[in-house]
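The structure appears below as structure tokens.
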Protein chains: 2
Amino acid sequence: MHSSANVTERQAQAPALAISIVIFALRSDPSSGRQEIWLPLVRRVRQPHLGKWALPGGPLGGSESLQDAAARNLRETTDLEPTYLEQLYAFGGLDRAATQRVVSIVYWALVRPDQAGLARESENVRWFRASEAAGLAFDHDEIVAYALQRLRGKIEYGSVAYHFLGDRFTLSQLRGVYEAVLGRHLDPANFRRQFRSAKDIAATEEVLQGGRNRPPRLYRYTGSPVAEPPSGPA
Amino acid sequence: MHSSANVTERQAQAPALAISIVIFALRSDPSSGRQEIWLPLVRRVRQPHLGKWALPGGPLGGSESLQDAAARNLRETTDLEPTYLEQLYAFGGLDRAATQRVVSIVYWALVRPDQAGLARESENVRWFRASEAAGLAFDHDEIVAYALQRLRGKIEYGSVAYHFLGDRFTLSQLRGVYEAVLGRHLDPANFRRQFRSAKDIAATEEVLQGGRNRPPRLYRYTGSPVAEPPSGPA
DNA sequence: CGACTTAGGGTCTACATGACTATAACTCAC
DNA sequence: GTGAGTTATAGTCATGTAGACCCTAAGTCG
């Protein structure tokens, strides 16, 4: 599939179509306690870029939608179900791959590493801090940077933050998500005030017991669990 | 990464890759004087959907980037240069075309119909009011609706409004753009106050003479003329 | 019990926004 | 030439929100 082709052959070929996916999850640093953004990468087991780390992905199956293909690649690498999945961008520069013209439609996803999904690493699948994911294969460095930028943009406006968390969460946990994504400290009191008046969040009767300090109240996200309509943007 | 089928099988299944483009321009209604959003459509001259109106577009050339392909399709239908060009979305549902799986990477553009470009219509190219573009071929109705939604979202946050206008414009003209895109009346005084303090807009020494009323001052957009970095999102 | 830490509520100020009023500068009808 | 009409432009006032900051509540731990 990667037989070296001269220029004429390359231009005659239809561009190959691939799906890649940037999968974000949060993990607490054991020492500082702060949350950080992590993502799984897959080691290249063939040329080109053999041995380098790359985004999960693969060719688009003939009988699946773009979104389905992204979700399938996510499951195959992490064993997790996405709580959020959205198209990021279609990358189609001429020089993305040396041997063949490849157009990659990239999705980005948020997962909740509740189960041992984040621990399910192998020789060829490993989780990295987003801040330390560099030197990746192809143009995947740029793609990850763009996905992070989009994540930051989306969290300010929209409702993606909740998709990092379980169905019940404290405002401190939610604030931790925002601080991890935005990369700066947020005032707890102002954050609370802002989200108490938010539409799609509701206080439950429960509090979280077992902590060292005053037990915090648990909240619930009441908005729609999926951000993207099933048949693409409507 | 994945056990690959042999080349012939894969190419038989491989979805076709196409570029489409939604081109927006503003035109004043002669009776009301208000501005409206227009876009050019192309009549289908072959099956499927023969005779229906559709978005400009075509197959992706083998030696052009996605952005270049979109710009080329724009020039071929309108003879205008885009002042703004950005990727909209990649549509890849299974049922988009009856006979063949087609993945369309759709761009959207803003043009300034300074020259006679908007008048350059033909049997198979015609401009339509965006509000009246319905019954289009394929899923192009949805694509136009989504592009309009994106335009509205972008105009509130960003700097796309200026790309509908020439290099010198009055605040009334700029307000006209906002009113056309957002579909509602805006208070002239408040609009003025907001944009006098905007960063990327500067007053010139000139005023626009020849109108019926008090001559308005001309302003200039000082931000970057292109929104998208040349090599895709950075 | 007192020290410590996080939860949660409040105040004060600065700033942006929407509604509204007032004045300036021009054309046109007469 | 004068006044009506229209748009340009400035200012005012009330409201809402965000950031900085302070205070109290309710737990744990020594």
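Chain A is the first sequence line, chain B the second, and so forth, proteins listed ahead of strands; every chain is numbered from 1. For clarity, every value in this text was computed on a predicted model and none was experimentally measured.
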(request) Look at the side chain of Ala189(B) and decide which nucleotide, out of dG8(C), dA18(D), dG11(D), has an atom nearest to it. (result) dG11(D)

(message) Any donor-acceptor pair under 3.5 Å linking the side-chain atoms of Tyr221(A) with those of Ser159(A)?
(response) yes

Tabulate atom names and distances for all N/O pairs under 3.5 angstrom spanning the protein and nucleotides 25-30 of chain C.
{"unit_1": "dT27(C)", "atom_1": "O4'", "unit_2": "Arg212(B)", "atom_2": "O", "d": "2.2"}

(request) Output the distance between atom OH (Tyr146(A)) and atom CG (Leu88(A)), rounded to the nearest 0.5 Å. (result) 5.5 Å

(request) Would you please say whether a donor-acceptor pair under 3.5 Å links the side chains of Ser28(A) and Arg34(A)? (result) no

(request) For a side-chain contact (heavy atoms from CB on, under 4.5 Å) with Arg168(B), tell me which candidate from Glu206(B), Gln173(B), Arg217(B) qualifies. (result) Glu206(B)

(message) For Phe169(B) and Tyr162(B), take the angle between the two ring planes, folded into 0 to 90°, and tell me which bin it lands in: parallel under 30, tilted 30 to 60, perpendicular over 60.
(response) tilted

(message) Both Gln194(A) and Arg192(B) contact DNA chain D. Which one's nearest nucleotide lies toward the 5' end?
(response) Arg192(B)

(request) Using whole Å, report how far CZ of Phe191(A) lies from P of dC21(D). (result) 20 Å

Using atom names, set out every protein N or O paired with an N or O of nucleotides 12-16 of chain D below 3.5 Å, distance rounded to 0.1 Å.
{"unit_1": "dT12(D)", "atom_1": "O4", "unit_2": "Arg193(B)", "atom_2": "NH1", "d": "3.4"}

(request) Looking at every strand, decide which applies to Thr170(B) at a 4.0 Å heavy-atom threshold: base, sugar-phosphate, or nothing. (result) nothing

(request) Run the numbers on Arg129(B) and Glu36(B) for salt bridge (charged side-chain N to carboxylate O under 4.0 Å, His left out), then give the verdict. (result) CA-CA 7 Å; Arg129(B) 258 178 263 259; Glu36(B) 292 169 303; 2.7 Å; yes

(request) Drop me the distance from Glu86(A)'s CD to His163(A)'s NE2, to the nearest 0.5 angstrom. (result) 10.0 Å

(request) On the 0 to 90° scale, with breaks at 30° and 60°, tag the Phe191(A)-Tyr178(A) ring pair as parallel, tilted or perpendicular. (result) perpendicular

